[in-house]
Amino acid sequence: MRKFSFLIAGLLLLLTITACTSVKRFKSVEYKGEDNSLVDVELFNARISDEPVAVREKNLWTLSANAQTRLVQILDERYPDNEQFMSAMAGSFGTGETPSQDLTRKDLRMIFTISKNRDYSLLNDAGGRFSPADRIEYLKLSLIIPESYNRRFHEWNRYITEYGDIDIADVSFSRNLDLSVDGSPGGVDLGSEAALARSEKQVVSKRYLKLNGSISDYRVVIEEEGTREVDLTGNITADVSLLFDGFPEIVMVPVFTTVEDGSMELSSLNLVDVEVPAMSEAPDTLYADLSLNYIYRHVASGWNTFAEWDDKVEYYQGSISRRIPLFPKKDYLPRLYCIGTEQGGKDALKYRKTQEKEYLLQFRDRHDASRFLEWLQNPSRQQSDPVFIGSSKLLYKGDPITPLEVIQNQMKVLPVY
């Protein structure tokens with residue numbers, strides 16, 4: 001009977017030892033309610049990418065090998081003078097009509113910063129809500145732009161859910177149990193011994209949600225899940241595309257050719273349709289509604305060890321909502337350039353194609369505008385004659401303008417917006 005008691009005691013001790021395993025999530029857990037002061041979020045940076053400018057001009061280096069050879073032969077026959085030949089080689093020539101361009105799509109990179117509100121003065125406070133072992137276990141972040149802005153989210157870089165895997169433990173069990181029974185029933189001495197052995201080994205791993213999200217016309221949602229030793233404090237980057245309501249504009253694309261004296265001459269001025277963001281009712285700064293829902297894992301006791309299985313855990317949930325500036329209006333204005341003066345107010349040149357059609361003389365990039373201004377100011381031109389491009393006129397304050405007036409008014413390249 002005594003040996004049987006020892007056997008029971010041994011089994012209880014074995015169960016006690018195996019129960020104290022590091023594979024546990026925690027020692028105990030309790031939900032403590034809501035607390036919105038434990039975590040903070042801010043938009044650290046929001047930047048709209050610059051508009052890509054397509055190369056419209058052709059020169060020697062954009063041609064195929066056969067075309068390069070033929071062009072060199074033609075220029076060599078036309079310009080026997082070495083200096084003129086080299087100038088012609090460095091020039092560019094026309095490309096014909098340029099395809100329409102859409103400037104209403106903008107790429108936006110946003111960086112969100114998630115942080116814990118650390119208060120070390122509460123470290124020794126038994127009822128406090130801070131310990132070094134605390135971590136953000138789950139968060140769901142959303143950004144909403146008002147529908148009144150007439151802008152919407154189009155695409156982003158998060159279409160596949162990203163998971164993470166961690167190995168929690170490599171668990172091995174090896175149990176040996178020896179049984180021994182003796183007695184003397186009927187005066188006969190009997191003895192019996194038996195041994196039981198069991199060995200088990202398994203790897204315990206966990207898959208967790210590393211990053212997930214969704215996108216709609218006016219809302220972006222990002223979701224993260226933490227796990228052992230994985231705190232969600234840090235930065236989250238989201239690359240999205242914005243679509244703006246469009247407004248039609250006309251831009252001019254000058255086409256230059258090299259003449260015999262080596263100078264550049266305007267051969268044509270192409271009018272190209274572009275779509276630019278509608279800005280008539282846009283505010284100076286665009287705002288968005290940022291919200292964050294989180295689960296905070298507070299370690300009430302047991303935080304003096306790195307392992308989490310011996311922690312007494314308390315969970316809090318919280319939320320944050322605020323309106324934040326997303327980007328100023330100037331960041332998404334189209335990069336269009338005109339030629340004019342800022343003396344006594346901004347006045348720019350206009351292009352009258354017909355009596356009924358008059359357009360602002362504006363260019364897709366500063367390079368085109370600068371070359372056109374250089375052509376206007378060429379001293380070899382007749383300075384007192386109005387500027388004509390084909391049968392079309394250039395106007396300044398409603399009247400035809402001469403190259404001399406361009407110089408006298410100190411005209412320069414200006415941004416349209």
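Residues: numbered from 1 along the sequence shown. Since the model is a prediction, treat every value here as computed from it, not as a measurement.
Salt bridge annotation for R105-E155: present, with a cationic side-chain nitrogen under 4.0 angstrom from a carboxylate oxygen. Looking at D231 and R297, no side-chain N of the basic residue comes within less than 4.0 Å of a carboxylate O on the acidic one, giving no salt bridge. Salt-bridge check for D289 with R219: failed, with every basic side-chain N at 4.0 Å or more from each acidic carboxylate O.
The 12-atom threshold is not exceeded at NZ of K412, counting heavy atoms of other residues, nucleotides or ligands nearer than 6.0 Å. By the 6.0 Å contact criterion, CZ on R109 is open, its count of non-hydrogen atoms from other residues, nucleotides or ligands being 12 or less. More than 12 non-hydrogen atoms from other residues, nucleotides or ligands lie less than 6.0 angstrom from NZ of K329. No more than 12 heavy atoms of other residues, nucleotides or ligands shown are found within 6.0 angstrom of CD on E374. In the displayed structure, K116 atom NZ is contacted under 6.0 Å by more than 12 heavy atoms of other residues, nucleotides or ligands.
Looking only at distances, no side-chain donor or acceptor of D331 sits under 3.5 Å from a matching main-chain atom of F327. The backbone N or O of V255 lies less than 3.5 Å from a partner atom in the side chain of S267, making a donor-acceptor pair. Side chain of D399 to backbone of Y396: no donor-acceptor contact under 3.5 angstrom is found. Not a single donor-acceptor pair under 3.5 Å links the side chain of Y316 to the backbone N or O of N36. Between the side chain of T402 and the backbone N or O of E405, at least one donor-acceptor pair lies under 3.5 Å. With D368 contributing its side chain and F363 its backbone, the two residues share no donor-acceptor pair below 3.5 Å.
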Begin from the C-alpha positions of R364 and L336 and carry the test side-chain contact (heavy atoms from CB on, under 4.5 Å) through to its verdict. CA-CA 5 Å; R364 181 66 181 85; L336 301 179; 4.3 Å; yes

One pair to check against side-chain contact (heavy atoms from CB on, under 4.5 Å): K32 and Y315. What are the steps and the verdict? CA-CA 6 Å; K32 301 294 288 186; Y315 279 108; over 6 Å; no

Worked check of side-chain hydrogen bond (donor to acceptor under 3.5 Å, both in side chains) between T305 and D310: CA-CA 8 Å; T305 63; D310 60 348; 2.9 Å; yes

Under the salt bridge (charged side-chain N to carboxylate O under 4.0 Å, His left out) criterion, do K312 and E314 qualify, and how do the steps go? CA-CA 7 Å; K312 179 182 178 182; E314 296 175 349; 5.1 Å; no

Check step by step if salt bridge (charged side-chain N to carboxylate O under 4.0 Å, His left out) holds for R371 and D365. CA-CA 11 Å; R371 293 184 66 187; D365 55 56; over 6 Å; no

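Taking each heavy atom of P146 and R323 in turn, the nearest pair found is CG-NH2, 3.8 Å. The heavy-atom pair separating I320 from V39 by the smallest distance is CD1-O, 2.8 Å.
Of the residues listed (I145, L286, D107), the one engaging L242 in a side chain to side chain contact (heavy atoms under 4.5 Å, CB included) is I145, and it is the only one.
To the nearest 0.5 Å, the span separating CZ on F130 from CZ on R118 amounts to 6.5 Å. Here the straight-line distance linking atom OH of Y351 with atom OH of Y359 works out to 9.0 Å at 0.5 Å rounding. The structure places CZ of F153 at 7.0 Å from CG of L108, a figure rounded to the nearest 0.5 Å. In this structure, OG on S301 lies 7.5 Å from CG on D311, to the nearest 0.5 angstrom. Note that the CG atom of L360 and the CG atom of L395 stand 11.5 Å from one another [nearest 0.5 Å]. In this structure, CG on L269 lies 5.0 Å from CD1 on I389, to the nearest 0.5 angstrom.
Within the 4.5 Å cutoff, the side chain of P334 has heavy atoms near those of the Y417 side chain. Two residues are said to be in side-chain contact when any heavy atoms from C-beta on lie closer than 4.5 Å; I324 and L143 meet this criterion. L394 has its side chain within reach of I401: a pair of non-hydrogen atoms, C-beta onward, lies under 4.5 Å apart. In this structure, V406 and Q377 have side chains that are in contact, with non-hydrogen atoms separated by less than 4.5 Å. Inter-residue side-chain proximity for L326 and L43 is flagged as met; some heavy-atom pair is nearer than 4.5 Å. Side-chain atoms of V41 and R322, non-hydrogen and from C-beta on, do get closer than 4.5 Å to each other. Considering only heavy atoms from C-beta on, V272 stays 4.5 Å or farther from I250 through its side chain. Taking 4.5 Å as the limit, every side-chain heavy atom of L376 sits out of range of all side-chain heavy atoms of I407.
Side-chain N/O atoms of Y138 and E223 include a donor and acceptor closer than 3.5 Å. Side chains of S142 and S291: a donor on one and an acceptor on the other come within 3.5 Å. A side-chain donor-acceptor contact under 3.5 Å links Y31 and Q317. At a cut-off of 3.5 Å, with distance as the only test, no side-chain donor of S115 or D40 sits close to an acceptor on the other residue.
Under the 6.0 Å cut-off for aromatic ring centres, F112 and F44 do not qualify, their centroids lying 6.0 Å or more apart.
The aromatic rings of Y294 and Y296 sit perpendicular to each other, their planes meeting at more than 60°, with 30° as the lower class boundary.
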